[in-house]
There are 2 protein chains.
Amino acid sequence: MSMPFYSKHSKHYVAVDCIIFGFDQEKINILLHKRKFEPYSGGWSLFGGFLEENENLNNAAGRILHTLTGFSGVYLEQLFTYGDVERDKERVLSVAYFALINTERYSSVEGGDFDAVWIPLEELPDLVLDHKIMVNKALRRLRRKAASEPIGFELLPEKFTLPRLQKLYEAIYGEGFDKRNFRKKILSMGLLKKLDEKDKSGSKKGAFLFRFDKKKYDELLSEGLGFEL
Amino acid sequence: MSMPFYSKHSKHYVAVDCIIFGFDQEKINILLHKRKFEPYSGGWSLFGGFLEENENLNNAAGRILHTLTGFSGVYLEQLFTYGDVERDKERVLSVAYFALINTERYSSVEGGDFDAVWIPLEELPDLVLDHKIMVNKALRRLRRKAASEPIGFELLPEKFTLPRLQKLYEAIYGEGFDKRNFRKKILSMGLLKKLDEKDKSGSKKGAFLFRFDKKKYDELLSEGLGFEL
DNA sequence: AAAACAAGTGTTAGATTTACACTTTTTATT
DNA sequence: AATAAAAAGTGTAAATCTAACACTTGTTTT
């Protein structure tokens, strides 16, 4: 039997769509662009593309992200697979990924070749297809994970101040936190290394810079502990 | 342009695999069967099948579950999509679902037409392809969700005793809990209706039966509260 | 020198979690 | 009929965690 058993089954188009989150010191933004092909040409859309033959899913997500935005080496996580969508009468499965981007490093994207625009989460326009559903799911996932894994740091530069970190968490959860309680909790994990530098961009006094201590985190993980906010 | 824009892209086989959990008053079991076709014929396998043309993903999962096991109307949730797998040189994407089954209602499956066998989680044999990875992911998901959504009840008959419910949670988390603390917490949510009946199968004294109060749960949800263990 | 501005710092009350042991009810045994 | 056995059911106290709260520090600008 040279023909595989399953060759009688149907094959499907599979797309990968990326929900790209960024943080601009103030609020969470999503990278969108205006769709340039039918159907729904001109509508706000996530960045997506098609899975190619023999291309593994994670690679496809990375490739699409890189091709369309220039970003590479960023945090990417598979979110969910949407199978109800129909386009042109033929269904296209969409595997959604969400990406977390340090906007400082990649701010050059704004207004670039692909009409990519950072849009604040609170001002999200209508999106094409089921993309809004994807964004909402991604946001729920981000909220859940940010409390139990150190993924928030992906949205910040390597060195960051505590006030900045707090702003980030406040943006993610859409609520304010008490400064003292926040510091107490985040520092008590022992996963932030305080540096001798200060960042004076935010105040006259300046705030100390910190760095996430990945080594310590891996140690904690292997002891069965971890990051828990 | 009658041909859709994306018709130049490749199409892919898409399979759906189901991780089926059951609880037999003692431990968590997984429903497996021996694969009957190449490759890996004879190896322990999850239940799976191919997604058909114009069939939506959730329906495919339900269909596969029903066709192969006779179960219907059970809890089914999409888990993750695996895109690295290769079979016969040609990649088949697999969308994994996990199912929770009230074994009492469906005990007839054991030894049925499809060689379905309930195998205790702790005695899991090697599985075909990446199925073991799927099972582990499903288990992590079950553990997470069982603490924040009332999905545990899907594994029990409609009426159940508190000692039974506690056994279930102990099986899910692989550790023992204090009886008094467990009761206190689960009853404090106000989501269990105590019935006037007792189940005497487990002891001479008999234990009162309870029922999960879905109406109350929906009320709580709409108030922004919920199930939190 | 004073005003302005954000960074930084501790304590206390309340809530939640954990640890822990005896009584009740019924059936089976003598 | 009395007793033993077996699981169901029940309360409290200590410890931990969470939440609420206001002033001081360091630097720059005027």
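Chain naming here is simple, since letters A, B, ... match the order of the sequence lines and numbering starts at 1 in each.
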Rounded to the nearest Å, what distance is computed from the [atom1] atom of residue [X] to the [atom2] atom of nucleotide [N]?
{"X": "A/Q166", "N": "C/dT9", "atom1": "CD", "atom2": "C1'", "answer": "14 Å"}
{"X": "A/F160", "N": "C/dA7", "atom1": "CZ", "atom2": "C1'", "answer": "16 Å"}
{"X": "A/R180", "N": "C/dT11", "atom1": "CZ", "atom2": "C1'", "answer": "9 Å"}
{"X": "B/D178", "N": "D/dG11", "atom1": "CG", "atom2": "C1'", "answer": "12 Å"}
{"X": "A/F182", "N": "C/dT9", "atom1": "CZ", "atom2": "C1'", "answer": "16 Å"}
{"X": "B/D199", "N": "D/dA7", "atom1": "CG", "atom2": "P", "answer": "14 Å"}
{"X": "B/R183", "N": "D/dA8", "atom1": "CZ", "atom2": "P", "answer": "8 Å"}
{"X": "A/L229", "N": "D/dA19", "atom1": "CG", "atom2": "P", "answer": "11 Å"}

What about [X]: does its side chain form a donor-acceptor pair under 3.5 Å with the base of [N]?
{"X": "A/K179", "N": "C/dG8", "answer": "yes"}
{"X": "B/K198", "N": "C/dT26", "answer": "no"}
{"X": "B/K204", "N": "C/dT25", "answer": "no"}
{"X": "B/K185", "N": "C/dT18", "answer": "no"}

B/N181, nearest nucleotide to its side chain (from D/dA8, C/dA7, C/dA19):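 Comparing D/dA8, C/dA7, C/dA19 against the side chain of B/N181, the answer is C/dA19.
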Candidates C/dG8, C/dT25, D/dA19 - which lies nearest the side chain of A/K205: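 Of the candidates, C/dG8 comes closest.
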Aromatic ring proximity, centroids under 6.0 angstrom, B/H33 and B/F47: yes
Exam field: side chain A/Y169 to backbone A/E175, donor-acceptor pair closer than 3.5 Å: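 No.
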Geometric class of the B/Y217/B/F212 ring pair [parallel <30°, tilted 30-60°, perpendicular >60°]: tilted
Parallel, tilted or perpendicular: ring planes of B/Y173 versus B/F177, cut at 30 and 60 degrees: perpendicular
A/D24 and A/T103 side chains, donor-acceptor separation under 3.5 Å: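 Per modelled atom types, A/T103 and A/D24 side chains form no pair under 3.5 Å.
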Contact nearer the 5' end of DNA chain D, comparing B/K194 with B/G202: B/G202
Touch class at under 4.0 angstrom, heavy-atom based, for B/K200 against every strand present: sugar-phosphate
Residue whose closest nucleotide on DNA chain C lies nearer the 5' end, A/L187 versus A/S203: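 Counting from the 5' end, the first nearest nucleotide belongs to A/S203.
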